[in-house]
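One structure is given below, encoded as structure tokens.
Heads up: numbering here begins at 1 and tracks the sequence. Bear in mind the structure is a predicted one, so any value in this text is a computation, not a measurement.
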Amino acid sequence: MTFKWLKNYMQETEKPENYAEKTLAAYLLGMKAKGSIQGVLIEVDATCCDAARQLPANQVYHPKEAPRVPLPDCSLGRKCRCIYRPLMTYQDKPGEVQ
């Protein structure tokens, strides 16, 4: 990943209380503006809580329907390591760039 440092930063930074609402609203605006965003993914890694690891892998959500992170059962609270990622129209599958 080209922006590995950014991913690490986002995962290690404590999330503000409005993280989900603010991030998902930004992605929704991008979709409404007919931009390149086609949906939202929740990126989960091995150090995430059990609740996050139970989410379907590579599930693409509409921003209005995406689970709010941190998840209610997250043992890490605002130190949750889950992050939202946009799925772009130029990606064939989640996580792949052409």
Can you name the nearest heavy-atom pair linking [X] to [Y], along with the distance?
| X | Y | answer |
| --- | --- | --- |
| Val60 | Gly39 | CG1-CA, 3.8 Å |
| Leu24 | Pro63 | O-CB, 3.5 Å |
| Gln91 | Gln38 | O-NE2, 3.7 Å |
| Tyr19 | Ile83 | OH-CA, 3.5 Å |
| Lys15 | Pro70 | CD-CD, 4.4 Å |

Checking [X] side chain against [Y] main chain: does a donor-acceptor pair fall under 3.5 Å?
| X | Y | result |
| --- | --- | --- |
| Gln11 | Asn8 | no |
| Glu14 | Arg78 | no |
| Arg81 | Asp45 | no |
| Lys79 | Glu12 | no |

Hydrophobic cluster membership, [X] vs [Y], 4.5 Å side-chain cutoff:
| X | Y | result |
| --- | --- | --- |
| Leu28 | Tyr84 | no |
| Val69 | Met10 | yes |
| Tyr9 | Ile42 | yes |
| Leu55 | Val40 | yes |

side-chain contact (heavy atoms from CB on, under 4.5 Å) between Met88 and Ile37, worked out: CA-CA 5 Å; Met88 309 306 283; Ile37 299 173; 3.9 Å; yes
Is there a side-chain contact between [X] and [Y] in this structure, where contact means two heavy atoms from C-beta onward sitting under 4.5 Å apart?
| X | Y | answer |
| --- | --- | --- |
| Lys32 | Tyr27 | no |
| Asp50 | Ser75 | no |
| Leu41 | Gln59 | no |

More than 12 non-hydrogen atoms from neighbouring residues, nucleotides or ligands closer than 6.0 Å to CD on Glu17, yes or no?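 Result for CD/Glu17: open.
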Rounded distance (nearest 0.5 Å) linking atom SG of Cys82 with atom CZ of Arg68: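 Between Cys82 SG and Arg68 CZ, I get 14.0 Å after rounding to 0.5 Å.
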